[in-house]
Amino acid sequence: MRPPVAPPGWSRWLVPPAALSIHLSIGQAYAWSVFKPSLESALHLSGTQSALPFQLGIVMLGLSAAFGGTLVERNGPRWAMSVALICFSLGFLISALGAGLEQYWLIVLGYGFVGGIGLGIGYISPVSTLIKWFPDRPGMATGIAIMGFGGGALIASPWSAQMLESFGSGNGGLELAFLVHGLVYAVFMSLGVLLVRVPAGAVPAKGSARPVAAGPQVSAKQAIRTPQFWLLWIVLCMNVTAGIGILEKAAPMITDFFQDSGTPVSVSAAAGFVALLSAANMAGRIGWSSTSDLIGRKNVYRLYLGVGALMYLLIALFGDNSKPLFVVCALVILSFYGGGFATIPAYLKDLFGTYEVGAIHGRLLTAWSLAGVLGPLIVNRIADSQESAGKHGASLYGLSFVIMIGLLVVGFVANEFVRPVAARHHHVPAPRESTDGTDTAADTARGRNQSA
């Protein structure tokens with residue numbers, strides 16, 4: 001399958017809306033915590049159990065991005081967006097069936113497994129196409145798409161909360177809410193499928209040589225053999241774990257923190273808090289990644305990990321005494337979470353070059369898969385055990401916040417060990433053959449120079 005090529009006169013400004021239609025839709029994953037209270041009451045689940053669909057979805061996001069990246073590049077953005085549409089919407093429809101039949105495993109299968117594949121393929125589907133359309137502004141172009149994923153919950157959180165309020169929070173209400181989500185997102189994502197095009201010349205003719213970029217270049221196969229890849233894997237995993245631990249349980253967490261105060265947090269206010277976190281997540285993807293162009297990738301990750309640990313410490317010590325302090329610290333943590341996602345492709349490009357940076361990025365997103373399990377598991381499992389021990393309120397989260405601080409410190413140390421990639425890992429292109437089967441002199445010289 002060849003990707004659709006834009007006809008003469010096609011406006012490149014139609015491509016960002018196509019990307020946004022996909023990323024704003026799959027970004028709904030960040031609003032999962034709005035469903036948690038209804039799931040727990042309707043199906044008699046613990047906090048740990050109600051987190052499972054979200055956790056599995058993030059696992060499948062990382063795995064499908066890592067293993068599906070080659071197919072996305074081969075078949076083009078329209079194919080990838082179509083797969084994302086089908087899987088993501090079908091995941092909601094299967095979840096609706098599970099809610100109606102009171103079969104929780106169907107919700108896990110639908111939203112987590114099937115929908116998670118849609119998350120991963122949809123996440124990587126428009127990025128390389130946007131770079132091709134905007135070679136003069138690649139940071140802005142990729143920032144648009146990644147910002148859209150971070151901002152998906154800004155729309156989905158109040159929308160989902162209103163839907164549950166209108167339909168009811170029981171099985172029937174969940175069934176209708178999941179059904180409406182699946183159908184509406186299918187229509188909205190189809191706009192991206194119809195609009196997306198690749199620029200003329202972006203699809204090379206069959207058998208044409210692949211251009212080799214200047215500077216150090218490392219293949220995806222070789223990159224995973226370097227310590228730099230695994231150090232960045234740790235850095236991303238720790239930063240994502242810290243952010244996703246709050247994000248997945250945001251609505252019940254703020255309610256628990258202030259349930260004994262004079263002004264407890266209402267359900268609608270908790271949903272508004274989730275939307276605020278989404279806005280911070282979205283703003284961080286543009287703001288902090290742009291800052292990294294000025295202060296460097298390593299320095300901005302020092303900020304994410306070091307100041308992030310400080311924010312967690314402030315919440316653990318004083319969060320239940322001040323709503324503004326709790327909200328501000330959580331917003332800063334989520335801005336670092338989003339910024340980490342937006343900055344990591346540039347960090348990879350700095351270290352490994354552009355030769356196969358997309359494939360390297362896909363492999364690195366397996367760190368997101370682990371973090372998607374680790375963060376919610378830490379927060380929910382500890383909160384469940386503390387609740388069983390008779391504790392309530394902010395005391396449910398104290399130990400999990402201490403663990404998050406420790407993980408951020410681990411990430412900070414890993415970032416300090418990142419160094420330029422050794423020359424032995426650099427890719428040397430195979431010389432092209434001339435029509436009579438001999439290497440051309442220019443190609444041989446190029447390979448000799450790169451080897452040196």
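Throughout, residue positions are numbered sequentially from 1 according to the sequence presented.
- Counting only N and O atoms by type, the side chains of Thr343 and Trp288 include no donor and acceptor under 3.5 Å apart.
- Every residue two or more places apart in sequence or in another chain that forms a side-chain hydrogen bond (donor to acceptor under 3.5 Å, both in side chains) with Ser292 is listed here: Arg297.
- Ring-centre distance between Phe178 and Phe35: below the 6.0 Å cut-off.
- At least one side-chain heavy atom of Asn171 sits under 4.5 Å from a side-chain heavy atom of Leu43.
- Nearest heavy atom pair, residue Leu396 against residue Gln386, reads CD2-CB, 3.8 Å.
- Residues that satisfy the side-chain contact (heavy atoms from CB on, under 4.5 Å) test with Ser38, not counting sequence neighbours, are Leu164, Ser169, Leu174.
- Nearest heavy atom pair, residue Pro126 against residue Gly122, reads CD-O, 3.4 Å.
- For the atom pair NZ (Lys298) and CG (Asp350), the distance works out to 11.5 Å, reported to the nearest 0.5 Å.
- The line from CD of Gln217 to CD of Gln222 is 13.5 Å long, rounded to the nearest 0.5 Å.
- Considering only residues two or more places apart in sequence or on other chains, Tyr347 meets the side-chain hydrogen bond (donor to acceptor under 3.5 Å, both in side chains) condition with Asn415.
- Ring geometry, Phe88 versus Phe92: the interplanar angle exceeds 60°, so the pair is classed perpendicular (tilted spans 30 to 60°).
- Contact detail for Ser289 and Tyr304: the closest heavy-atom pair is N-OH, 4.2 Å.
- Sorted by first and then second residue, the pairs that involve residues 35-64 and meet salt bridge (charged side-chain N to carboxylate O under 4.0 Å, His left out), not counting sequence neighbours, are Lys36-Glu40, Lys36-Glu248.
- Legend: residues meeting side-chain hydrogen bond (donor to acceptor under 3.5 Å, both in side chains) with Ser268, ordered by chain and number and at least two apart, are Ser266.
- Other residues, nucleotides and ligands contribute only 12 or fewer heavy atoms inside 6.0 Å of the CZ atom of Phe113.
- The environment of CD in Glu165 is sparse: at most 12 heavy-atom neighbours from other residues, nucleotides or ligands sit within 6.0 Å.
- Phe326 is linked by a ring pair (Phe, Tyr, Trp, His ring centres under 6.0 Å) to Phe257, Phe258, Phe273, counting only residues two or more places apart in sequence or in another chain.
- Annotation: side chain of Pro199 is not in contact with side chain of Trp10 (no heavy-atom distance under 4.5 Å).
- Screening Ile246, Asp256, Ile378 for a side chain to side chain contact (heavy atoms under 4.5 Å, CB included) with Tyr397, the sole residue that qualifies is Asp256.
- For residues 178-200, the set of pairs meeting the salt bridge (charged side-chain N to carboxylate O under 4.0 Å, His left out) definition, not counting sequence neighbours, is empty.
- In terms of the side-chain contact (heavy atoms from CB on, under 4.5 Å) criterion, residue partners of Leu24 (sequence neighbours excluded) are, by chain and number, Leu20, Ile155, Phe188.
- Trp159 places none of its side-chain heavy atoms less than 4.5 Å from the side chain of Val34.
- The minimum heavy-atom distance between Pro4 and Val196, with the atom names listed, is CG-O, 3.7 Å.
- The distance from atom CG of Leu101 to atom CD of Glu175, rounded to the nearest 0.5 Å, is 7.5 Å.
- Nearest approach of Leu106 to Ile94, heavy atoms of both residues: O-CG2, 3.4 Å.
- Minimum interatomic distance between Ile360 and Ala223 (heavy atoms only, all atoms of both residues): CD1-CB, 3.8 Å.
- Here Arg302 pairs with Glu416 under the salt bridge (Lys or Arg N to Asp or Glu O under 4.0 Å) rule; sequence neighbours left out.
- Taking 4.5 Å as the limit, every side-chain heavy atom of Pro158 sits out of range of all side-chain heavy atoms of Gln162.
- For Ala316, the side-chain contact (heavy atoms from CB on, under 4.5 Å) test picks out Phe401, with sequence neighbours left out.
- Contact annotation: the side chain of Val235 never approaches that of Leu231 to less than 4.5 Å [non-hydrogen atoms, C-beta and beyond].
- Under the 4.5 Å side-chain criterion, counting only non-hydrogen atoms from C-beta, Gln49 is not in contact with Leu39.
- Contacts of Trp368 classified as side-chain hydrogen bond (donor to acceptor under 3.5 Å, both in side chains), with partners at least two apart in sequence or in another chain: none.
- Gln228 has its side chain out of reach of His425: every pair of non-hydrogen atoms, C-beta onward, lies at least 4.5 Å apart.
- Qualifying side-chain contact (heavy atoms from CB on, under 4.5 Å) partners for Val83, counting only residues two or more places apart in sequence or in other chains: Trp79, Cys87, Ile121.
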